[in-house]
Amino acid sequence: ILSIETNAGGVAKSTVSYNLAYELGVRGYSVALLDIDPNESLTLFCGLREVEAPGTMADVYNPEFKGNWPLVTAWQGKTDKIQVCKGGKELHETIRMISKDLRGAYILADRLSDYPLSHDFVIIDCPATLEPLPLTALSTSTHVLIPIQPEYKASQSAAAMIEWYYDNCKRLRLKPAPKIIGMVPTRWKSDWGAHRSIVEELPLVCKNLGIQYFSPIRESADILNASGRGLPLGIYRPGKEARADFLPIVDALIQELKVMRGQ
């Protein structure tokens, strides 16, 4: 169960989420994508905003939920491995509900424990804030991926994100705590001097923090156009070099799954 966590907006969390899911699906793994963002970017990028569905993630958080996960298959005809539980504005009420619930931070963990999904991977796309919905993702995850945009305050942002992670793992008494599978720079522009210098700095930052550094995911017109059409890059432009940017993370996730399964 992987949550995509960050403390800033515009860092391509949803882009990373659904492209990872597609690449895992290509390799034969089933993936459930959970969109817990009221802005429903992931739902849009999967081409599902206008698709009729029985519900959203707000229904999963609802106290009356009985295990009927409102999943919709993405990119039918291209793959049958990816299902999505849509986000949406209904999650604003969920935020208020969680804030009043004594067990609010553990609601999603309870749902996945009581009504487990059968997929090989569950990827949770979090909103661009650190509370309260991302706390519910943290409490249920086995792994965390941290995307970060290579801007001048990237190092401070990375350190603040790691501090949030450790503080809340301790506060929520998560045992075991989810493993940070790594940090990845996103929306990287190789022709920008500032981006190049920061990307040169981040590996050392990650080494000092004791976490894995993934090579950057570039800013690509093909990626932007693909997301606007509700398609992963692997369907929209399968031969593009930018597609390879996601593969080191895919390899790491598959390796983690094999370790968990004792393979």
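From a predicted model like this one, the values you see are computed outputs, not experimental measurements.
- Rounded to the nearest 0.5 angstrom, Leu233 CG and Leu224 CG are separated by 10.5 Å.
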What donor-acceptor contacts under 3.5 angstrom involve side-chain atoms of residues 254-263, with partners at least two apart or in another chain?
| from | atom 1 | to | atom 2 | distance (Å) |
| --- | --- | --- | --- | --- |
| Glu256 | OE1 | His143 | NE2 | 2.8 |
| Glu256 | OE2 | Lys179 | NZ | 2.7 |
| Arg261 | NH2 | Asp120 | OD1 | 2.6 |

Checking side-chain contact (heavy atoms from CB on, under 4.5 Å) for the pair Arg187/Ile148: CA distance, chi angles, key distance, verdict? CA-CA 9 Å; Arg187 307 191 68 178; Ile148 186 165; over 6 Å; no
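- Between atom CD1 of residue Ile1 and atom OG of residue Ser141 there is a gap of 6.5 Å, rounded to the nearest 0.5 Å.
- When all heavy atoms of Trp164 and Pro134 are compared, the closest pair comes out as CH2-O, 4.2 Å.
- Note: Glu219 CD to Thr186 OG1 = 8.5 Å, rounded to the nearest 0.5 Å.
- Nearest approach of Ala21 to Ile82, heavy atoms of both residues: O-CD1, 3.1 Å.
- Side-chain contact between Trp69 and Leu112: present, with at least one pair of heavy atoms (C-beta onward) separated by less than 4.5 Å.
- Note on Ile223: it clusters hydrophobically with Leu20, by side-chain heavy-atom contacts below 4.5 Å among ILVMFWY residues.
- Among all heavy-atom pairs drawn from Ile4 and Cys126, the shortest one is O-CB, 3.4 Å.
- Distance alone, capped at 3.5 Å, places no donor-acceptor pair between the Arg196 side chain and the Lys189 backbone.
- Leu247 and Ile217 fall into different hydrophobic clusters, where Ile, Leu, Val, Met, Phe, Trp and Tyr side chains are chained together by heavy-atom contacts under 4.5 Å.
- In this structure, Asp59 contributes its side chain and Thr56 its backbone to a donor-acceptor pair below 3.5 Å.
- Side-chain contact between Thr142 and Leu2 is absent, with no heavy-atom pair separated by less than 4.5 Å.
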Working for side-chain contact (heavy atoms from CB on, under 4.5 Å), residues Leu91 and Asp37: CA-CA 7 Å; Leu91 285 163; Asp37 190 343; 5.7 Å; no
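- Under a hydrophobic-cluster definition in which Ile, Leu, Val, Met, Phe, Trp and Tyr are linked whenever side-chain heavy atoms come within less than 4.5 Å, directly or via other members, Val11 and Leu138 are assigned to different clusters.
- Interatomic distance, OG of Ser41 versus CG of Asp125, reported as 7.5 Å (0.5 Å rounding).
- Panel note: side chain Arg111, backbone Val60; a donor-acceptor pair is recorded below 3.5 Å.
- A cation-pi geometry, defined here as NZ or CZ lying under 6.0 Å from the six-membered ring centre and within 45° of its normal, holds between Arg103 and Tyr106.
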One pair to check against side-chain contact (heavy atoms from CB on, under 4.5 Å): Ile146 and Val184. What are the steps and the verdict? CA-CA 6 Å; Ile146 302 173; Val184 58; over 6 Å; no
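- When all heavy atoms of Thr15 and Phe45 are compared, the closest pair comes out as OG1-CE1, 3.8 Å.
- Side-chain contact between Thr140 and Ile107 is absent, with no heavy-atom pair separated by less than 4.5 Å.
- Looking at Tyr18 and Ser227, their side chains never bring a donor and an acceptor atom within 3.5 Å of each other.
- Put simply, the side chain of Ile36 reaches to within 4.5 Å of the side chain of Tyr61, judged on heavy atoms.
- Under a 3.5 Å cut-off, the side chain of Ser17 and the backbone N or O of Lys13 do form a donor-acceptor pair.
- Looking only at side-chain heavy atoms (C-beta outward), Lys81 and Tyr29 stay at 4.5 Å or farther from each other.
- Between the OG atom of Ser14 and the CD atom of Glu40 there is a distance of 10.5 Å, given to the nearest 0.5 Å.
- Considering every non-hydrogen atom in both Thr6 and Pro147, the closest pair reads OG1-O, 3.4 Å.
- Judged purely by atom type and a 3.5 angstrom limit, Asp35 has no side-chain atom pairing as donor or acceptor with the backbone of Cys85.
- Around the CG atom of Asn68, the shell of radius 6.0 Å holds no more than 12 heavy atoms that belong to other residues, nucleotides or ligands.
- At a threshold of 4.5 Å between non-hydrogen side-chain atoms, the residues Leu135 and Arg171 count as touching.
- For the atom pair NZ (Lys86) and CE (Met57), the distance works out to 13.5 Å, reported to the nearest 0.5 Å.
- Closest of all the heavy-atom pairs between Phe214 and Ile181 is CE1-O, 3.5 Å.
- In this structure, Phe65 has its ring center under 6.0 Å from that of Tyr115.
- Remark: Glu163 CD is loosely packed, at most 12 non-hydrogen atoms of other residues, nucleotides or ligands lying under 6.0 Å away.
- Residues Leu71 and Val84 have side chains not in contact (no heavy-atom distance under 4.5 Å, counting atoms from C-beta outward).
- Within the 3.5 Å criterion, the main-chain N or O of Glu5 finds no donor-acceptor partner in the side chain of Ser3.
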Pair Arg243, Glu23 - check salt bridge (Lys or Arg N to Asp or Glu O under 4.0 Å), show working. CA-CA 9 Å; Arg243 184 180 177 190; Glu23 297 300 339; 2.7 Å; yes
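- Cluster membership check: Leu204 does not share its hydrophobic cluster with Met161, using side-chain heavy-atom separations under 4.5 Å among Ile, Leu, Val, Met, Phe, Trp and Tyr.
- Judged by distance alone, with hydrogens and angles left aside, the side-chain atoms of Asp101 form no donor-acceptor pair with the main-chain N or O of Met97 at under 3.5 Å.
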Step-by-step side-chain contact (heavy atoms from CB on, under 4.5 Å) determination, Tyr236 to Arg229: CA-CA 8 Å; Tyr236 180 70; Arg229 288 166 171 77; 3.4 Å; yes
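- The shortest side-chain heavy-atom distance between Trp75 and Pro232 falls under the 4.5 Å cut-off.
- The environment of Arg173 atom CZ is sparse: at most 12 non-hydrogen atoms of other residues, nucleotides or ligands sit within 6.0 angstrom.
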